[in-house]
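Per chain, numbering begins at 1; letters A, B, ... match sequence-line order.
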Number of protein chains: 4
Amino acid sequence: MQETTPEPQQAQPEAGLRDRKKEAKRAAIIAAAQAEFIAHGFAEARLARVAAQAGVAKGTLYLYFDSKEALFDAVLRGALPLIFAPPAAPDPGTPPQLAFRRRLRAAIADMQASERDKLALIVLSESAQFPGLARIYLEAILEPLFGLVRDYARSSGVARLEPLTRYPQLLLAPMLAATMWNRLMTERPPLDLSEMLETHLTLVLGPPEGEPAGVTG
Amino acid sequence: MQETTPEPQQAQPEAGLRDRKKEAKRAAIIAAAQAEFIAHGFAEARLARVAAQAGVAKGTLYLYFDSKEALFDAVLRGALPLIFAPPAAPDPGTPPQLAFRRRLRAAIADMQASERDKLALIVLSESAQFPGLARIYLEAILEPLFGLVRDYARSSGVARLEPLTRYPQLLLAPMLAATMWNRLMTERPPLDLSEMLETHLTLVLGPPEGEPAGVTG
Amino acid sequence: MQETTPEPQQAQPEAGLRDRKKEAKRAAIIAAAQAEFIAHGFAEARLARVAAQAGVAKGTLYLYFDSKEALFDAVLRGALPLIFAPPAAPDPGTPPQLAFRRRLRAAIADMQASERDKLALIVLSESAQFPGLARIYLEAILEPLFGLVRDYARSSGVARLEPLTRYPQLLLAPMLAATMWNRLMTERPPLDLSEMLETHLTLVLGPPEGEPAGVTG
Amino acid sequence: MQETTPEPQQAQPEAGLRDRKKEAKRAAIIAAAQAEFIAHGFAEARLARVAAQAGVAKGTLYLYFDSKEALFDAVLRGALPLIFAPPAAPDPGTPPQLAFRRRLRAAIADMQASERDKLALIVLSESAQFPGLARIYLEAILEPLFGLVRDYARSSGVARLEPLTRYPQLLLAPMLAATMWNRLMTERPPLDLSEMLETHLTLVLGPPEGEPAGVTG
DNA sequence: GATGAATGAGACTTCATTCAT
DNA sequence: TATGAATGAAGTCTCATTCAT
């Protein structure tokens, strides 16, 4: 019940006053909870810390979410809509491979800019506790990317890329690995995801076409 | 204190018997704990279940391990030695790429045969809780494999493989991704790690040399 | 403070209107609270439900009542005045036993028609929490009825009824028992209080006098 | 699971040592809980007080009972077995009415000597929360007594007692009323249940037969 | 050494009550 | 006056850890 976001009523600027504050507080709680879940995982996350971080009392959390689990769910779902943001339509004249690379770069950059890469790791951590949600989440995150890969592998007409239609994971796995690596190896200089992506794409797809050399990011 | 394995005293057959019983019980506890940690993660693991599964009383756990964390540590360390098992020396006449592929296959197969792949995921999951241990563990698992990759990339003399010396992760990431995939997507048919590895190697390294076609596993 | 009913100000029609609205809201709150207390008892009663049922906000309750306990008190006191409603004066020529029976019947019927019988049980239930109030309430309900019984037992001149002057409870206990029974045994057909009362009166006082046989209700 | 009383093993005096302590502690907890529930009702009962009264830590309660509700259940059920204690067989030559009176007296005295009369009131209080249990409990307590009344009313052959076969409550209600009365009216001298019972029986059944006058308790 | 009953700190959650709007 | 979001004290319950037997 509390999960239903109140429909925005742009026609009534007055009515929105309280609603806007509520929505702001809701967002503050989710942000605090996201940081807490990322930092400690579900089981070790403390609602007291979430409340303190969000600047509300402990009980206030329950005005917005029925339970710790519901809050966790909201944090994960809160990140979902981003993946559906329509990518900028490519220039009609762009060569297919370049268009593909650009969309992949954009997806990766977007995933890093948000915290979705860290959330994906949480999903993994908690998959034993929340199997259903994990599946939904990963599908929402990964399937669109897989679709990109499959489409390109098919339409490229390059025979040696055919296996990517069966294992689109192969092209994306390095991003996952690098994200995990950076999360774990905090003492070392972090891997440069963009450069690593370009390296991987060049290794698998060959050197970029129709693009000035060295311009990757 | 309890972590120091007692030095075997072969001169005293009686004491040896007792030690052997102790060691067996210790092994049983670790095995039970490993299963529990894999199934539920650290936070949700229950020492009561570990004790029951190991066939001992709850208090007995504390005769062998100081705390739940120490037990977790022991489980992870228990899997470490395996990675250092020296690989079988390759036949002198084997072509380098084939030898490399074979060692990679063996490492992956070994990691799957044991539960070390699942443990690696647990380490990832719990990295927020145990950052130091996680780093040590992953380095112990991954660095040797990275060394394999780097050595091959260097010695192969193939120019386009040079990036692998900087990003050896690129060659191994699909195994990680596939392991995670299989852990999460329990409802779908699991990915075939061996086939996926071969596909990836062929994609990056080119078709296998010096090996009958179709013989991969 | 809020418990003092504002003195009606008939000279000011406006103020009277406001007062009437206030009084109506107050009555609505008490009615909702009564239903809630009957349904769930004091401890499990939820002010949120009371407010919702009364059609006011939660905070509004506190404009009318200082606390949950004060509301409970108001509910009980709200039922008290009814018991003091003077019974219709009996026809002068009615035989004493018949008059007595009729008044008893009327009292029971009235208690059932209102919800006072259920409230009496609530008082009993909560007597551990509110001993003083419980005593006052039960005395207000029961003492007038006991007076009826004592008066009749004394004035009837029947020797064997003398104990009723000491234990007037004996004549009324079945009503209490039946009310409790009906509250608890919701799965069975409810006891017919009127018939049970007649049966009891006949058992103790003998068959009705001066009344056509079979006319009891 | 915790509810299953361990079967007494009289053949093994040693094994009973720990079990006896456990059983004693269990009994202490139930006793403390019974007092707490009687004093405050279910909702206002505090497990902290129960634990303190029983001389155990709060967590210990959960070694014996799964929840507060389970403890409540155990308290009520703990009183049930008493009702099934077979009454002493009457002397063969005793007149039926005297035998009936004696058994009724014994039942009432027993109910008072234990705390079952107070527990019955708790059942009433909490019937909104635990309807099923309430029914079971009251049936276990009341039905046997009703059986006594019905049997006597039938076998006595006295026509005017026939209504008691339909409404056995009529004969027992005064006991309930008196118990409630004594619970509530703590400031007044308590009603003497024995005398009140005798008075009621005499009123309904007539004066006692075959028994020296004045010997009632 | 082994047991398992006992502990108690601390977590999540509820809900009567308050107060800024 | 009326609202309803916010509060926070306090309750139930969990579980790693201890210790008497």
Side-chain angles (χ1 to χ4, degrees), chain A residues 2 14 17-19 21-22 25-26 29 43-51 54-71, chain B residues 18 21-22 25 42-52 55-72, chain C residues 18 21-22 25 42-52 55-72, chain D residues 2 14 17-19 21-22 25-26 29 43-51 54-71:
Chain A
Q2 291 152 322
E14 287 241 4
L17 193 142
R18 253 202 294 262
D19 282 357
K21 284 188 79 170
K22 272 197 71 169
K25 193 156 285 190
R26 183 190 167 84
I29 290 173
E44 289 298 310
R46 294 290 164 255
L47 293 186
R49 281 194 296 246
V50 171
V56 300
K58 257 187 303 177
T60 304
L61 300 180
Y62 288 84
L63 296 177
Y64 293 85
F65 305 97
D66 285 334
S67 65
K68 185 183 186 181
E69 190 167 332
L71 179 54
Chain B
R18 213 175 301 153
K21 286 185 77 171
K22 271 196 65 171
K25 194 163 285 190
F42 179 82
E44 288 297 312
R46 296 288 167 258
L47 293 188
R49 281 195 294 246
V50 172
V56 301
K58 246 194 313 177
T60 304
L61 299 180
Y62 287 82
L63 299 175
Y64 291 85
F65 304 96
D66 283 334
S67 65
K68 185 184 186 183
E69 190 169 333
L71 180 55
F72 185 55
Chain C
R18 211 176 304 151
K21 286 185 76 172
K22 270 197 64 170
K25 193 164 285 190
F42 180 81
E44 288 298 311
R46 296 289 167 258
L47 293 188
R49 280 195 294 246
V50 172
V56 301
K58 246 194 312 178
T60 304
L61 299 180
Y62 287 83
L63 298 173
Y64 293 84
F65 304 97
D66 283 334
S67 66
K68 185 183 186 182
E69 190 167 334
L71 180 54
F72 185 56
Chain D
Q2 292 150 320
E14 287 242 2
L17 193 142
R18 254 201 295 262
D19 282 356
K21 284 189 80 170
K22 275 195 70 168
K25 193 156 286 190
R26 183 189 167 85
I29 291 173
E44 288 297 312
R46 294 293 164 250
L47 293 186
R49 280 195 295 246
V50 172
V56 301
K58 259 187 300 177
T60 303
L61 300 180
Y62 290 84
L63 296 178
Y64 292 86
F65 305 98
D66 285 333
S67 65
K68 185 184 186 181
E69 190 168 331
L71 179 55

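As a whole-Å value, the separation of B:Asp66 CG from F:dT18 C1' is 13 Å. Between the CZ atom of A:Phe65 and the P atom of F:dA5 there is a distance of 14 Å, rounded to whole Å. Taking atom NZ on C:Lys68 and atom P on F:dA10, their separation rounds to 16 Å, with Å as the unit. Rounding to whole angstrom units, CZ of residue B:Arg46 and P of E:dG4 are separated by 21 Å. C:Glu44 has its CD atom 12 Å from the C1' atom of F:dG11, to the nearest Å. One atom, CZ of B:Phe72, and another, C1' of F:dT17, lie 19 Å apart when rounded to the nearest Å. Atom C1' of nucleotide F:dA16 and atom OH of B:Tyr64 are separated by 19 Å, given to the nearest angstrom.
With distances taken from any side-chain atom of C:Leu63 to the nucleotides E:dT13, E:dT7, F:dT3, the minimum falls on F:dT3. Picking from E:dA16, E:dT3, E:dT13 the nucleotide with the shortest atom distance to the side chain of C:Leu47 gives E:dA16.
Looking at A:Leu71 and A:Leu47, their side chains come closer than 4.5 Å, going by heavy atoms from C-beta outward.
In this structure, C:Ala45 reaches the sugar-phosphate backbone alone: every heavy-atom distance under 4.0 Å involves primed, P, OP1 or OP2 atoms, never a base.
Side-chain to base pairing of C:Lys58 with E:dT17: one donor and one acceptor N or O lie within less than 3.5 Å of each other.
Heavy-atom distances to DNA chain F give each of D:Ala48 and A:Lys25 a nearest nucleotide, and the one nearer the 5′ end belongs to A:Lys25.
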